[in-house]
K.L.:
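Questions regarding the structure given below will be posed in turn.
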Amino acid sequence: DPCFPRWFNAAEDCTPTQLWQTLRKMRADFVTIPHQLADRGNVPVDFGHHDEAAQPVAEIFQGRGSYECRGCLRQAAKSIPGYFLHDAWARGLVVGVIASPDHYGGLGKAAVYAPELTPAALLEALRARRCYGTTGAKIFVDFRVDDHFMGEVGPAPGDRPVRIAVRVDAPAPLRAVEILRNEQTIFRAEPRGTRCTFSYTDRAPGGPIRYYLRVIQRDGEMAWTSPVWLGRPAGEVGR
C-alpha cells in the first residue's frame with residue numbers, strides 16, 4: 001500500500017519480531033522476505049527470528065548470486081557460512097523459496113502459483129509457499145511429493161515409500177534435474193532437450209524429512225523449488 005501510514009527501515013532499533021508485532025497491531029496485510037541471506041558485505045539474516053506467516057519465504061538467489069548452500073553453483077561471492085537456506089532448513093525452519101533481481105536487471109525471478117494476478121492472491125500464495133525461484137530464465141516447474149505441492153507440510157511417511165512427481169519445461173536445453181532430500185541429492189535426471197517429466201519413488205525414508213527440486217540448464221540458468229515437508233520439523237522455531 002503506497003499510502004501505508006508508516007515507513008520502516010533498518011536504521012530503526014527494531015527486531016524482525018517487533019516489526020511483525022507492530023504490523024499486526026496496525027492490521028497490515030504483509031509478508032517479509034529475507035534478502036541477501038548470507039551476505040557479509042551487509043548484515044546476514046538472523047534466522048533466530050522466524051514466523052511462518054510473516055516470513056514464509058526467503059531469497060535463494062539474486063543479482064549477487066546464490067544463497068542455497070555453501071559451495072553451491074553460482075554462490076554469492078561475499079557470503080559466510082551458517083546463513084544459507086540449507087542452514088535454515090537444517091534448523092527446522094519452514095521457509096519457502098523465491099528469487100529476485102536486486103539492482104541487476106533481469107537476474108532473479110520469483111515464480112508464484114496464484115489463481116489470479118492480484119496483490120491479495122500473490123500474498124496468499126507466498127504465505128502458502130506455492131512458489132519457486134529462478135536465476136532469470138522463465139523455467140516452468142511442477143513439483144509434488146505424495147500429492148503435496150511445493151511449500152506444503154504433510155505427515156511423515158514412516159516406513160512407506162514416498163512418491164515424487166516432477167515436470168519441467170525450460171526455455172533452453174536442460175543439463176540436470178535433481179531431487180534433494182534433507183539437502184542431499186538422491187536422484188539426478190539428465191534429460192535431452194528442454195522438457196523433463198518423471199516420477200521417482202523414495203523407499204522407506206523415515207521422517208520428518210523435506211524434499212526440493214533443483215533445475216540446471218546447459219547455459220547455467222537455474223531454478224529451485226520451495227520444499228515439501230513430510231512431518232513437522234522438530235528444530236528451532238524462532239522467537
Side-chain angles (χ1 to χ4, degrees), residues 29-35 37 50-62 66-68 85-86 88-89 93-102 106-155 162-172 174 176-181 183 187 189 191 194-200 202 209-217 221-233:
D29 187 14
F30 73 95
V31 296
T32 56
I33 302 174
H35 172 60
L37 305 185
H50 185 63
D51 182 306
E52 288 182 28
Q55 187 170 279
V57 298
E59 187 183 70
I60 197 169
F61 179 89
Q62 59 115 288
S66 174
Y67 298 99
E68 180 185 13
L85 259 174
H86 277 200
W89 293 334
L93 272 61
V94 175
V95 59
V97 165
I98 59 103
S100 56
D102 199 357
L107 290 175
K109 283 185 171 58
V112 181
Y113 279 89
E116 57 185 4
L117 190 59
T118 64
L122 291 172
L123 284 173
E124 190 278 330
L126 287 171
R127 290 191 188 100
R129 301 175 294 273
R130 295 195 304 271
C131 52
Y132 61 96
T134 85
T135 52
K138 293 184 178 180
I139 304 170
F140 171 82
V141 182
D142 189 321
F143 179 63
R144 301 169 191 261
V145 179
D146 273 356
D147 295 325
H148 294 286
F149 196 57
M150 65 180 81
E152 293 184 356
V153 178
V162 171
R163 302 178 305 280
I164 301 171
V166 173
R167 179 187 167 198
V168 177
D169 193 344
L174 292 161
V177 178
E178 301 173 332
I179 298 172
L180 292 91
R181 180 186 68 207
E183 294 77 72
F187 182 78
T194 61
R195 295 183 177 181
C196 180
T197 302
F198 66 89
S199 298
Y200 176 80
D202 191 16
I209 50 177
R210 56 197 169 271
Y211 298 88
Y212 77 99
L213 197 73
R214 179 196 293 142
V215 178
I216 309 167
Q217 292 185 170
E221 297 290 314
M222 300 180 66
W224 306 262
T225 70
S226 293
V228 173
W229 288 263
L230 297 183
R232 171 62 60 174

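This one's a predicted model, so the numbers in the text were calculated from it and none came from an experiment. FYI, side chains are in, hydrogens and waters are out, and symmetry mates aren't considered; it's all heavy atoms of this structure.
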K.L.:
Output the distance between atom CH2 (Trp229) and atom NE2 (His148), rounded to the nearest 0.5 Å.
P.N.:
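Answer rounded to 0.5 Å: 13.0 Å.
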K.L.:
List the residues meeting salt bridge (charged side-chain N to carboxylate O under 4.0 Å, His left out) with Asp102, not counting sequence neighbours, and say none if there are none.
P.N.:
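Here no residue qualifies.
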K.L.:
So, Arg144 and Glu152, do they make that salt bridge, N to O below 4.0 Å?
P.N.:
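No, no charged N to carboxylate O under 4.0 Å.
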K.L.:
Which atom pair, heavy atoms only, marks the closest approach of Thr194 to Leu174?
P.N.:
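The answer is O-CD1, 3.6 Å.
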K.L.:
Looking at Gly96 and Arg129, what are the two nearest heavy atoms and their distance?
P.N.:
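Residues Gly96 and Arg129, closest heavy atoms: N-CD, 3.5 Å.
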K.L.:
Could you report the tightest heavy-atom contact between Ile98 and Leu126, atom names first, then the distance?
P.N.:
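Closest approach of Ile98 to Leu126: CG2-CD2, 3.9 Å.
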K.L.:
Checking Arg163 against Asp147 for the side-chain contact (heavy atoms from CB on, under 4.5 Å) test, could you report, in this order, the C-alpha distance in whole Å, the side-chain angles of both residues, the deciding distance, and whether it holds?
P.N.:
CA-CA 8 Å; Arg163 302 178 305 280; Asp147 295 325; 4.2 Å; yes
K.L.:
Would you say that Val97 contacts Thr225 through its side chain, given a criterion of any heavy-atom pair below 4.5 Å between the two side chains?
P.N.:
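They are not in side-chain contact.
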K.L.:
Do you know the tightest heavy-atom contact between Ala53 and Pro56?
P.N.:
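The pair with the smallest heavy-atom distance is O-CD, 3.6 Å.
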K.L.:
With no hydrogens and no angle check, is any side-chain donor or acceptor of Arg127 less than 3.5 Å from a backbone partner on Phe30?
P.N.:
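Judged by distance alone, yes, a pair lies under 3.5 Å.
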K.L.:
With sequence neighbours left out, write down each residue that passes side-chain hydrogen bond (donor to acceptor under 3.5 Å, both in side chains) with Trp89, or none if nothing qualifies.
P.N.:
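Scan of Trp89 (side-chain hydrogen bond (donor to acceptor under 3.5 Å, both in side chains), adjacent residues dropped) gives none.
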K.L.:
Looking at every heavy atom in both Tyr211 and Asp202, which two are closest together, and how far apart are they?
P.N.:
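What the structure gives for the nearest pair is OH-OD2, 2.7 Å.
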K.L.:
Determine which pairs satisfy ring pair (Phe, Tyr, Trp, His ring centres under 6.0 Å) with at least one residue from residues 108-143, sequence neighbours left out, and list them in order.
P.N.:
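Ring pair (Phe, Tyr, Trp, His ring centres under 6.0 Å) check on residues 108-143 returns Tyr113-Phe149.
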K.L.:
For residues 131-140, pull every pair meeting salt bridge (Lys or Arg N to Asp or Glu O under 4.0 Å), keeping only residues two or more places apart or in separate chains.
P.N.:
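Residue pairs passing salt bridge (Lys or Arg N to Asp or Glu O under 4.0 Å), neighbours aside: none found.
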K.L.:
Just jot down the side-chain hydrogen bond (donor to acceptor under 3.5 Å, both in side chains) partners of Thr135, sequence neighbours excluded, or say none.
P.N.:
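Thr135 satisfies side-chain hydrogen bond (donor to acceptor under 3.5 Å, both in side chains) with Glu221 only.
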K.L.:
If we ignore hydrogens and angles and just use 3.5 Å, is the side chain of His50 paired with the main-chain N or O of Val94 as donor and acceptor?
P.N.:
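Confirmed, His50 side chain pairs with Val94 backbone.
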K.L.:
Do you know which two heavy atoms are closest between Pro191 and Ala189, and how far apart they sit?
P.N.:
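Heavy atoms of Pro191 and Ala189 come nearest at CD-O, 3.3 Å.
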K.L.:
Nearest 0.5 Å, what's the CG-CZ distance between Leu37 and Phe61?
P.N.:
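It is 12.5 Å, given to the nearest 0.5 Å.
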K.L.:
Is there a side-chain contact (heavy atoms from CB on, under 4.5 Å) between Met150 and Leu213 once you walk through the steps?
P.N.:
CA-CA 9 Å; Met150 65 180 81; Leu213 197 73; over 6 Å; no
K.L.:
Please test Arg181 against Phe187 for side-chain contact (heavy atoms from CB on, under 4.5 Å), starting from the C-alpha separation and ending with a verdict.
P.N.:
CA-CA 9 Å; Arg181 180 186 68 207; Phe187 182 78; over 6 Å; no
K.L.:
Look at the side chain of Thr134 and the backbone N and O of Gly136, then say whether any donor-acceptor pair between them is shorter than 3.5 Å.
P.N.:
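Present.
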K.L.:
Mind checking whether Ser199 and Val166 have side chains closer than 4.5 Å, heavy atoms only?
P.N.:
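Result no, sub-4.5 Å side-chain heavy-atom pair not found.
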K.L.:
Are the side chains of Arg210 and Pro233 in touch, meaning some heavy atoms are under 4.5 Å apart?
P.N.:
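Of all side-chain heavy-atom pairs linking Pro233 with Arg210, none is under 4.5 Å.
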K.L.:
What residues form a salt bridge (charged side-chain N to carboxylate O under 4.0 Å, His left out) with Arg167, not counting sequence neighbours?
P.N.:
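For Arg167 there are no salt bridge (charged side-chain N to carboxylate O under 4.0 Å, His left out) partners, ignoring immediate neighbours.
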K.L.:
Has Ser226 got a side-chain atom pairing as donor or acceptor with Cys131's backbone, closer than 3.5 angstrom?
P.N.:
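Answer holds: yes.
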K.L.:
Would Glu68 and Leu85 count as a side-chain contact (heavy atoms from CB on, under 4.5 Å) here? Give the steps.
P.N.:
CA-CA 5 Å; Glu68 180 185 13; Leu85 259 174; 5.7 Å; no
K.L.:
What's the separation between atom CG in Leu180 and atom OH in Tyr212, rounded to the nearest 0.5 Å?
P.N.:
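So the CG of Leu180 and the OH of Tyr212 are separated by 4.5 Å.
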